[in-house]
Every structure is written in structure tokens, then in C-alpha cells.
Chemist: 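Below is one structure. I have some questions about it.
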There are 2 protein chains.
Amino acid sequence: MNLNQAARCLEKLGNPTRLEVFRLLVRAGHEGLSVGEIQDHLGIPASTLSHHIGHLVNAGLVAQQREGRQLICKPDFALMDGLIDFLTAECCMLTGKPETQRDAG
Amino acid sequence: MNLNQAARCLEKLGNPTRLEVFRLLVRAGHEGLSVGEIQDHLGIPASTLSHHIGHLVNAGLVAQQREGRQLICKPDFALMDGLIDFLTAECCMLTGKPETQRDAG
DNA sequence: ACGATAATTCTAGGATTGTCGAAATATAGG
DNA sequence: CCTATATTTCGACAATCCTAGAATTATCGT
């Protein structure tokens, strides 16, 4: 995870609707949720939701797989961990977390 | 830190230039850096840099204080910690980190 | 007051984003 | 094939963002 990759992820999560979608998917866990189920939770027009999910998929934060007529969305936990690792390592104090430090810069 | 606050911080950090500014300030530590020093590092026009710093200040991620002719910028470490806590608690697996969990919801 | 330095505000342009109805595509079942 | 369901793509519009030169404000030293 480099700075530009991180910025891209942060940009996508930096929209209230998308952050809510992502949080919903994280809470759903490895089973994921269909687009329609997400829509039931958020109550926004399908085209708007599809637009936002497209952004998340494009950034790699969400993966989709078809199951019959439904498209199941799942968060990429590893990428999210990578993002948090980046923020912790590059944009935090690191005080009291020496094991996270990389080169004692 | 609620979802909208988090989204606002993420949005501001989700721009490569601003993320680089913020990382630079974090690396500078509690002493901070003047706007001019940041400009020396990044090499972008003063008005563009000022615009981006304004965004970071507006979101509370960066604080400024004047020292003579210079404006010193410092990151708000506590807010950044709060953001990472939010992401860890609401947008992560939480597997193997039970002490980070808040209410086992 | 004057000149130099530090940084912001003004202004304007093109680029991108967010929204959502309408139309189109994909799948399932009879 | 026809109908219903699930979701995306298209199209349009307003709103916001990014960039950066020019002008302005703030501070310091003399």
C-alpha cells in the first residue's frame, strides 16, 4: 500500500453514503449482502447506490459475485487492513506501539 | 467520532497532495512545520498548498499557530487516532483484537 | 514609512462528483 | 417467448473540487 493507493481508498470511503455501505458490508461479514439488501437498509435509489458501489469495487474495497439474479457484495478485509496499517505507520504518532514502527525514522 | 465526522476526515485525506501534506506533518511531530517548509518539500504553488491546508484545518486534522511571519502547522494526533479507532471498530474484522471492541454489538 | 518575506484570499477555468429517472441488460420461472 | 425481479448503464444537471496566477494581508527589520 503506497500513498496514492491509500489516497484512492480514503477518497472512496470519504463519502457518507459509501462509508455507510462499506460499514454495512463489514458488519455482514464474509457472507456479504446483495445490492438489493443494501438498498433496503439505506433506502436510496438503485442507480445512486449502484454508482457508489461501483466506486468501491473500482478501488478494490468491495468484491462482487453473482448468485442467480443477485449480485453479492463483500468487503475486502485485507485491503482495509492494509489501509489501516498505512495510516498507522505513516500518519500516526506510533507512541506506545513500537512493534508497528518500521525503521525508527 | 461518528460516521459523518469520519467521512469528512477521510474525504480530506483522500487527496494525494493533502495526504502527503498530512504525512509530512506527522513525521515532523509535535514541532510541526511552517507552510513554507511544507512548500519546500512538495514544490507546489503557494495558493494551491494554502487551499489544501485550509481543507485539513477545516476538518480539524491540522491546527495552525502563528510564529512571527510563519504559520506553523501541526497535525491533530488525537483526531487521527479517533479516526483510526472508528475504522478499526466499524469497518474492520476485529478478529484477534477483542480489546478494541467497544460493546460487542 | 518602506522594503522584504510569509501566507492567504480573490478569481477563473476546466475537471470531477453526486443525484436520480428512464432505459437497458441479466437471470429465473412458467 | 413472456413476465417478473435484480441491477446496471445512460443522460442530464447542479454542485463541488483542483489548480494556479494576481492581488492582498500580516509581520519583521531598519
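The structure presented is a predicted model; accordingly, all values stated were derived computationally and were not measured. Within every chain, numbering begins at 1; the chains are lettered A, B, ... in the order of the sequence lines, protein sequences first and strands thereafter.
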Chemist: Would you find a donor on one side and an acceptor on the other, under 3.5 Å apart, between the side chain of Thr88(B) and the backbone of Ile84(B)?
Modeler: yes
Chemist: Does the side chain of Glu37(A) come within less than 4.5 Å of Leu24(A)'s, by heavy atoms?
Modeler: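 Heavy-atom side-chain distance check fails, nothing below 4.5 Å.
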Chemist: Find which nucleotide of DNA chain C each of Ser47(A) and Ser47(B) is nearest to by heavy atoms, and output the residue with the more 5' nucleotide.
Modeler: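 Looking at the nearest nucleotide for each, Ser47(B) comes out on the 5' side.
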Chemist: Do the non-hydrogen side-chain atoms of Leu33(A) and Ile72(A) ever get within less than 4.5 Å of each other?
Modeler: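 Not in contact.
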Chemist: Leu56(B) has an atom CG; how far is it from atom P of dT8(C), in whole Å?
Modeler: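 Distance check: Leu56(B) CG to dT8(C) P gives 12 Å.
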Chemist: Between CZ of Phe22(B) and CG of Leu10(A), what distance do you get to the nearest 0.5 Å?
Modeler: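 These two atoms lie 11.0 Å from each other.
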Chemist: Quick one: does any side-chain atom of Gln39(A) pair with a main-chain N or O of Ile44(A) as donor and acceptor, under 3.5 Å?
Modeler: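 Present.
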Chemist: NE2 of His51(A) versus C1' of dA12(D): gap in Å, rounded?
Modeler: 14 Å
Chemist: How far does CG of Leu56(A) sit from CG of Leu79(A), to the nearest 0.5 angstrom?
Modeler: 11.0 Å
Chemist: May I have the distance from Glu11(B) (atom CD) to dT16(D) (atom P), rounded to whole angstrom?
Modeler: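 For the pair Glu11(B) CD and dT16(D) P, the rounded distance is 11 Å.
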Chemist: Send over the distance from Ile38(A) CD1 to dT7(D) C1', rounded to a whole Å.
Modeler: 12 Å
Chemist: Could you check whether any side-chain heavy atom of Lys12(B) comes within less than 4.5 Å of a side-chain heavy atom of Leu61(B), counting everything from C-beta outward?
Modeler: yes
Chemist: Check the distance between dC18(D)'s P and Ile53(B)'s CD1 and give it to me in whole angstrom.
Modeler: 14 Å
Chemist: For Glu37(A) and dA6(D), what is the distance between atoms CD and C1' respectively, to the nearest whole Å?
Modeler: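 Rounded to whole Å, this separation is 12 Å.
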Chemist: So, OP1 or OP2 of dT19(C): does either fall under 4.0 Å of a side-chain N or O from His52(A)?
Modeler: yes
Chemist: Nearest-Å distance, NE2 (His55(A)) to P (dG18(C))?
Modeler: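 So the two atoms are 6 Å apart, to the nearest Å.
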Chemist: Enumerate the residues from residues 13-23 of chain A whose closest heavy atom to DNA chain C is under 4.0 Å, giving them by residue number; use none for an empty result.
Modeler: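 Heavy-atom contacts with DNA chain C come from Asn15(A), Arg18(A).
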Chemist: Below 4.0 angstrom, which residues in residues 58-74 of chain A have at least one non-hydrogen atom near DNA chain C?
Modeler: Arg66(A), Gly68(A), Arg69(A)
Chemist: Are the side chains of Cys91(B) and Leu19(A) in touch, meaning some heavy atoms are under 4.5 Å apart?
Modeler: yes
Chemist: Check whether any side-chain nitrogen or oxygen of Thr48(B) sits under 4.0 Å from OP1 or OP2 of dT19(D), and answer yes or no.
Modeler: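 Answer no for this pair, as no side-chain N or O of Thr48(B) is under 4.0 Å from OP1 or OP2.
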Chemist: Between dT16(C) atom P and Lys12(A) atom NZ, what is the distance in whole Å?
Modeler: 11 Å
Chemist: Is the shortest heavy-atom distance from the side chain of Arg18(B) to the side chain of Leu13(B) under 4.5 Å?
Modeler: no
